[in-house]
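Accompanying notes for the structure given below.
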Amino acid sequence: FLLCIVVSLLIGAFITWVYTYKNRYTTSFAVTLAMLPAIVCIVIMMVNGNVGAGVAVAGAFSLVRFRSVPGSAKDIGAIFIAMGTGLITGMGYLGYAAVFTVVLSLIMMAYVHMNLWDKRQISEKQLIITIPEDLDYTQVFDDLMAKYTEKTDLVKVKTTNMGSLFKLTYDVKLKDPAKEKEFIDELRCRNGNLEIMMMNQEIGSQLL
């Protein structure tokens, strides 16, 4: 049982390292991705050969859909841990359930405190700029993006206020996080002092 957990955690860490290599990610998703193989492994071990339990698990895991928008990827991981523990105890494996809960909880705490995948949270942001409809957004901010950011991706364009305004959503990596206010001030001069929002990518991706 412990060997399966350890191997699953090692595999999860490797998958997470591969996923985060030169790819945009959030800390909560990286932690969840590293833990999911172990969670699923234990669940499968508990229902192996039991058709009734397998059907019950399928229904229980569909409850993840009740998760609200303000949550994060770590919330899903916690839900999986809770459901996995309930399944194990429900089948009478109380010792396994205790080991499973303690090990996964300690691993989650360790991943958070080690900050293995937290290095990109400071400089990578999501930027939402509101502009009037008569402003051509394709190149209007190019010089400012080149001045203040290392990388810029326009990920979403949306009309608002009955088509009189555009909302542009960018994923940006700031060259110097200390110049964030200066960057926003220059954007305000360019977009007619309309609404500008800068947020962490993790929060922004949930709002999208």
Seminar exercise, completed: Output for pair (L9 CG, L36 CG), nearest 0.5 Å, gives 11.0 Å
Exercise. M198 and L127: which non-hydrogen atoms are nearest, and at how many Å?
Worked result: CE-CD1, 3.9 Å
Exercise. Less than 4.5 Å apart, any side-chain heavy atom of F166 and any of L135?
Worked result: no
For this session: Measure the spacing between CD1 of I5 and CE of M45 and express it to the nearest 0.5 Å.
Result: 7.5 Å
Exercise. Is V99 reachable from I39 through a run of hydrophobic residues whose side-chain heavy atoms are each under 4.5 Å from the next?
Worked result: yes
For this session: Among K175, E186, E180, find the residue that satisfies the side chain to side chain contact (heavy atoms under 4.5 Å, CB included) test when tested with Y148.
Result: E186
Problem set entry | Nearest heavy atoms of N191 and T130, plus distance in Å | ND2-O, 2.7 Å
For this session: Kindly compute the distance separating OH (Y170) from CZ (F141), expressed to the nearest 0.5 Å.
Result: 6.0 Å
For this session: For F1, look at atom CZ and say whether over 12 heavy atoms of other residues, nucleotides or ligands are found less than 6.0 Å away.
Result: yes
For this session: Mind checking the CD1-CD1 spacing from I129 to I196? Nearest 0.5 Å is all I need.
Result: 5.5 Å
For this session: Would you indicate whether the side-chain heavy atoms of R190 and D143 approach each other to under 4.5 Å?
Result: yes
Exercise. When clusters are formed by joining ILVMFWY residues with side-chain heavy atoms under 4.5 Å apart, either directly or through shared neighbours, do L165 and L187 land in the same one?
Worked result: no
Seminar exercise, completed: Nearest heavy-atom contact between C4 and S8 is O-OG, 2.8 Å
Exercise. If you look at every heavy atom in T159 and G163, which pair is closest and at what distance?
Worked result: CB-CA, 4.3 Å
Exercise. Do V7 and I15 belong together in a cluster built from hydrophobic side chains that touch within less than 4.5 Å?
Worked result: yes
For this session: To the nearest 0.5 angstrom, please state how far the CG atom of L154 sits from the NZ atom of K156.
Result: 11.5 Å
Exercise. Hey, any chance L10 and Y19 share a hydrophobic cluster, counting ILVMFWY side chains that come within less than 4.5 Å of each other, even indirectly?
Worked result: no
Problem set entry | Ion pair check, D185 and K181, cut-off under 4.0 Å | yes
Exercise. Hey, are the side chains of Q126 and T169 touching, using non-hydrogen atoms and a 4.5 Å cut-off?
Worked result: yes
For this session: Evaluate the criterion side chain to side chain contact (heavy atoms under 4.5 Å, CB included) for residue pair M199 and I128; output intermediate values, then yes/no.
Result: CA-CA 9 Å; M199 68 192 81; I128 300 177; 3.7 Å; yes
Problem set entry | Shared hydrophobic cluster for L2 and I42 (ILVMFWY, side-chain gaps under 4.5 Å) | yes
Exercise. Got I81 and M35 here, is their nearest side-chain heavy-atom distance under 4.5 Å?
Worked result: yes
Exercise. How long is the span from the CE atom in M145 to the CG atom in D153, to the nearest 0.5 Å?
Worked result: 10.5 Å
